[in-house]
Enquirer: 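Okay, here's the structure, questions in a sec.
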Amino acid sequence: MVSRNISPSVIGAFIVSLTVSITLYSIPPEALPFLSPSAIQIIRGTLIILALILLFEKLLRIQLLNKILLGLLFGLLAGIAFQAQISEVKPVGTAFLRLIQMIVVPLVLASLIVGTASLGDPKKLGRIGLKTFAFYLTTTAFAITIGLILANVFRPGSGIDPQVQAQLLQNYKGLATEKISRVGGGASVMDTLLNIIPTNPVGALSNGKMLQIIFFAIFTGIALTVVPKEKAEIVIKAFDGFNEAMLQIVHMVIKVAPYGVFALIADAVGSFGLAIIFTLLKYTLVTTAGLILMTLVYPVFAKIFAGFSPIQYLKAIRPAQVIAFSTSSSSATLPVSMDVAEENLGVSNNIASFVLPLGATVNMDGTALYQGVASVFIAQVYGIHLGIGDQLTIVLMATLASIGTAAAPGVGLLMLVMILKQVGIPLEGIALILSVDRLLDMFRTTVNVSSDLTASVVVAATEKQLNPPKEFKI
Ligand code: ASP
């Protein structure tokens, strides 16, 4: 909706900044010899953001979520239209990303200490933990099975043009080798488990080791229920106040999300170029179709356990989905997911503060589905037959690999290398899929975050700690 009483100078400023920026993006820099190329970049980048600010803050009177969605759409269009040139808006996206990442560690620590302490009963915590893990393992195994079925039925890897294959292997060889070397030998299962116990909680906080932070926060929360009340109370109150302040920061930061999302998407689309999708069209389509299918499974859970209508549910979780899509990081999305769970879905603080940080770290349904499709795809390209035993190994490996792996952009690809190693598929095969990985990361992170949110709803509903509000707050 366009607001009334807009001053003509605002409209003028909007038209001028938009036209000048689009013109500067469209003409070659040589056409303006009096301006250096870097000056042109600064001017057009600043003006396109200015046009967006005028549009969103002065011209349109729409809800914040719609502004974020428009930011995403405009980012997509700008990326397609201006390609790599649009990368000068990236700092706006990076600033937004850093602002939400800034809150993750303090928010998880404070909210989990308060959540555990207010639960009051370690037994209850054990029950919630079991339910959460059961949900995470089941949905991850389900997701990867869908991925494997789709890849076996649609066979995206057979019939790929040998010339395209050779070119992809050649072009992405260096990058693939670098990724493979980053995986190394991989820690043993025992080491991964032992690593959950921090030897230095402050070190865990400063390095953002999520599982270690969760472990320490839960212990502290439990201890606070045991120490004398008058001593526990001040600590809990202080963390509670701190937690509120962190959530307040989320509300402030989310106001700049339309610009951050625009910049992140424009830069991502501009740098990978949508044309590459066509070389790997079948693989990209099969993976995204599986991921979209998966996002339709979660509303069914929300309906069965909590009575949410599917449309209402998808609307409620959309802010977190959009941020996940544009940042490609479940962990960076965490502050927004926690806010969405509490404000839009009515999940109690103690459930949200436990289920969501854990989910961001160990629950990656989208990633698992992608790994299923990708491993079968690479095997098909190489003409390797994967028997039922191999495919079961993939299910097991992908489910286990997601535990203890940080939730950051591109991590799914590194986990894929471990899986390929296990089933004996040539590792350099990842060169085949690297070109579309950034795009698929956006989709799979959205699924990962949707799954975490659904777990929080299911657990809260079965614990009678769900109190959906009348209207969505963010
Ligand atoms: N980017 C994903 C996440 O953070 C992980 C991955 O699949 O690469 O959830």
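We count ligands from 1, going down the list as the structure has it; atoms in each ligand are counted the same way.
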Enquirer: Where does the angle between the aromatic ring planes of F305 and F301 fall among parallel (under 30°), tilted (30 to 60°) and perpendicular (over 60°)?
Expert: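 Taking F301 first and then F305, their aromatic rings lie parallel (interplane angle under 30°).
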Enquirer: If I apply the N/O under 3.5 Å rule, does G412 come out as touching ligand 1?
Expert: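 Between G412 and ligand 1, an N or O pair is found under 3.5 Å apart.
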Enquirer: Any nitrogen or oxygen of L413 lying under 3.5 Å from a nitrogen or oxygen in ligand 1? Just yes or no.
Expert: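 No, no N or O pair falls under 3.5 Å.
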Enquirer: Just by distance, with hydrogens left out, do S111 and N349 show a side-chain donor and acceptor under 3.5 Å apart?
Expert: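 No, because no side-chain N or O of S111 sits under 3.5 Å from a partner of the opposite role on N349.
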Enquirer: Of all the atoms in ligand 1, which lie at a distance below 4.0 Å from a heavy atom belonging to T367?
Expert: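 Counting from 1, the qualifying ligand atoms are 5 (C), 6 (C), 7 (O).
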Enquirer: Cut-off 3.5 Å, side chains only: do N152 and Q391 have a donor facing an acceptor?
Expert: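 The answer is yes; a qualifying pair exists.
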Enquirer: Quick one: does T445 get an N or O within less than 3.5 Å of an N or O on ligand 1?
Expert: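 Yes.
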Enquirer: Could you tell me, atom by atom, which parts of ligand 1 come under 4.0 Å of a heavy atom of A407?
Expert: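 This gives 4 (O) as the contact atoms.
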Enquirer: Without hydrogens or angle criteria, can the side chains of S271 and D267 be said to hold a donor-acceptor pair below 3.5 Å?
Expert: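 Their side chains do not contain a donor-acceptor pair, so the 3.5 Å distance test is not met.
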Enquirer: If you count the atoms of ligand 1 from 1 in the order shown, which ones are under 4.0 Å from a heavy atom of G410?
Expert: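 So the answer, numbered in order with elements, is 8 (O).
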Enquirer: Does a side chain donor of either T454 or Y313 reach within less than 3.5 Å of an acceptor in the other side chain?
Expert: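 Yes, Y313 and T454 have a side-chain donor paired with an acceptor closer than 3.5 Å.
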Enquirer: Nearest to atom 5 (C) of ligand 1 by heavy atom, A368, A360, A408, S328: which?
Expert: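 The nearest heavy atom belongs to A408.
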Enquirer: May I ask you to identify the nearest protein heavy atom to atom 4 (O) of ligand 1, giving residue, atom name and distance to one decimal place in Å?
Expert: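 Checking every protein heavy atom, the shortest distance to atom 4 (O) of ligand 1 gives S330 N, 2.9 Å.
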Enquirer: Would you mind running through ligand 1 and noting each atom that sits below 4.0 Å from a heavy atom of D441?
Expert: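 In order of numbering, the contacting atoms are 1 (N), 2 (C), 6 (C), 7 (O), 8 (O).
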Enquirer: Give me the one residue out of D452, T295, L369 that meets side-chain contact (heavy atoms from CB on, under 4.5 Å) with V447.
Expert: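 Of the listed residues D452, T295, L369, the side-chain contact (heavy atoms from CB on, under 4.5 Å) partner of V447 is T295.
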Enquirer: Do ligand 1 and S329 have nitrogen or oxygen atoms that lie under 3.5 Å from each other?
Expert: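 Between S329 and ligand 1, no N or O pair is found under 3.5 Å apart.
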Enquirer: Can you tell me if Y25 and E88 form a side-chain donor-acceptor pair at under 3.5 Å?
Expert: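 The criterion, which ignores hydrogens and geometry beyond distance, is satisfied for E88 and Y25.
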